[in-house]
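Some notes on the structure that comes next.
Computed from a predicted structure; not experimentally measured. Whatever order the structure lists ligands and atoms in, that order sets their numbers, starting from 1.
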Amino acid sequence: MLGLMQDWPLTVDKILDHAARWHGEVEIVSRSVEGPIVRTTYAQAHERARRLSGALAGLGVKPGDRIATLAWNTARHLEAWYAIMGMGAVCHTLNPRLFADQLCYIINHAEDKIIFTDLTFVPTLIEHRAKMPTVKHFVVMTDEAHMAAAAGLEGAVCFETLVAGGSPDVAWGGFDENTACGLCYTSGTTGNPKGVLYSHRSNFLHTLVTLASDVMGFSARDTILPVVPMFHANAWGIAFSAPAVGAKLVMPGAKLDGASVYELLESERVTFSAAVPTVWQMLLSELRDKQAKLSTLKRVVIGGSAVPEAIVRGFRDEFGVDVTHAWGMTEMSPLGTLSAPNQATLGLDPEGQVRLKLKQGRAPLGVDMEIEDDADHPLPHDGKTFGRLKVKGPFIAREYFKGEGGRILDDHGFFDTGDVATIDEAGFMQITDRAKDVIKSGGEWISSIEIENLAVGHPKAAIAAVIGAAHPKWDERPVLLVKLKEGETASKEEFLSFLEGKIAKWWMPDDVVFVDDIPLGATGKIDKKLIRDRMKAYVLPTAQPAKESA
Ligand code: ADP
């Protein structure tokens, strides 16, 4: 027997409809790429997105076509998303931090018809135009007054001209909720990038889940500044969840340095923000240098890589801001777990709360997770045993775009995240490492993440990374790479004694190497692949005698 409730397909156009109807005057404030701060409202964004949909139809865009965006977080980018998705086309976010060759690969693989671009990226597009044969138009996200900068880009049209000329009387929504809605490629730390194809239903459900108070917990009274870019795993859903509740949105545009973010946090009275740890590290040092205060910010969600303890303590003790640690991935839309306390952890003292926040957290409704051994057997939830972390749920990928990479679910329908983790008795998951970064020493595993997050707490360290280096007896041993803060000098012994007592003896790095640069990848994470490439010729001091005799 079927239920007798209304059929109301879960499509994301309804999110902007809702925001415009019930929160129409709420502002979207953007630091525009051209410079000035621009203020619009949800009602205007709705009207403009619909006009843009009409204009796209005029350019020949059909439902299912892939339309890309290469853009910073601004109101125009938000309007482009809804214009594309609202007409049933697929919004493909491109990460401008990728190398041009990777970008061209992705554009061709997706067969993008149109690319929305900020002025910032026009020179790159001009240079590589010939390598994007499927692209018919570039919508330059600016007004006519600034179009001269795009003069050399064949197929360029002006965003504001399209909006002004488009009819708002367009087909908007009204399709099956399983229709494809967004496309985002994983950054391809292994192999070629692979496309995750979200549906309207999966994005809508992810939005509802993220609104729970133990997840992002937004309300209509919040002012939200997503530093996390819309091109990185959908800005963790904020472009949907903020309008869904009618929160004020503050879009930081191209300026993501500590000073610029701080200026907006204060001037727009931001209450909530989200970014990767490296961004918060920059902000905290900016605040300390200026002896500045955060007068309205209450909560930050930090994810994308593990949150160092120094960030949790810095925000709490110096600025009175609560940190929620989050874990997720492009394949999960992206939120997977968050570190909000539950009944079992209510009574923790302040130290215990910090330790809890260093864990990646619990699964909300809609995410099922398990840790398993290589034979797919579940492992105990004792906070110690680690295994492959697998997930299942209605906003988790079941296959990559065009079947790339073949079958990705196991026999029980679980997706292997590629992460290695523990789960404790209270249900809190903690990432030990990415499966490919874990250091295998004498048949046991050492967590590179744990050592680097302790090392970065050393007062002289700017950033730290740990990789495994070949060892004739132990297979691999950890090496700590440290980039020191400007003007600092330090010895290897200083760092080793800093770590002593904080980690098991056999986890102690065999060497400390001071470097000028620790490279970050396109999503702001330490690029271990590049570090390993750079360290190819490196030989562990502890490995040398054995190597000579080999
Ligand atoms: P990629 O960088 O591979 O494109 P994502 O940006 O989707 O992919 O990142 C997903 C991966 O990032 C996770 O599988 C995990 O390894 C890592 N990650 C995300 N959040 C955290 C976190 N809070 N702690 C540790 N690792 C994390």
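The six-membered or imidazole ring of Phe121 lies near that of Trp72, with a centre-to-centre distance under 6.0 Å.
Here the options are His109, Glu404, Lys194, the test is side chain to side chain donor-acceptor pair (under 3.5 Å), and the partner is Tyr185; only His109 passes.
For the ligand labelled ligand 1, residue Ala233 lies outside the 4.0 Å heavy-atom shell. Within the 4.0 Å heavy-atom cutoff, Met332 does not count among the residues contacting ligand 1. Residue Gly304 places a heavy atom less than 4.0 Å from ligand 1. Contact analysis puts Ser305 in contact with ligand 1, with a non-hydrogen atom separation below 4.0 angstrom.
Within ligand 1, counting atoms from 1 as listed, the ones closer than 4.0 Å to a heavy atom of Ala326 are 20 (N), 22 (C), 23 (N). Contact atoms of ligand 1 toward Met329: 7 (O), 10 (C), 14 (O) (distance under 4.0 Å to a heavy atom of the residue).
In summary, Glu351 and Arg313 engage in a salt bridge, as defined by a charged side-chain N under 4.0 Å from a carboxylate O.
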Report all side-chain donor-acceptor pairs from residues 453-461 shorter than 3.5 Å, counting only partners two or more places apart or in another chain.
unit_1: His458; atom_1: ND1; unit_2: Lys460; atom_2: N; d: 3.0
unit_1: Lys460; atom_1: NZ; unit_2: Thr489; atom_2: O; d: 3.0
unit_1: Lys460; atom_1: NZ; unit_2: Glu494; atom_2: OE2; d: 2.8

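Every side-chain contact (heavy atoms from CB on, under 4.5 Å) that Asp517 has, sequence neighbours left out, goes to Pro519, Arg534.
Looking at Ala306 against ligand 1, both its backbone and its side chain come within 4.0 Å, counting heavy atoms. At a heavy-atom distance under 4.0 Å, only side-chain atoms of Asp419, from C-beta outward, approach ligand 1.
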Applying side chain to side chain donor-acceptor pair (under 3.5 Å) to Glu370 and His412, what does each step give before you reach the verdict? CA-CA 11 Å; Glu370 191 50 280; His412 309 287; over 6 Å; no
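Using cut-offs of 30° and 60° on the angle between ring planes, the pair Trp445 and Phe386 is parallel.
Checked against a 3.5 angstrom limit, the closest N/O atoms of Thr186 and ligand 1 fall outside it.
When the heavy-atom distances from atom 3 (O) of ligand 1 to Lys525, Glu331, Arg434 are ranked, the shortest goes to Arg434.
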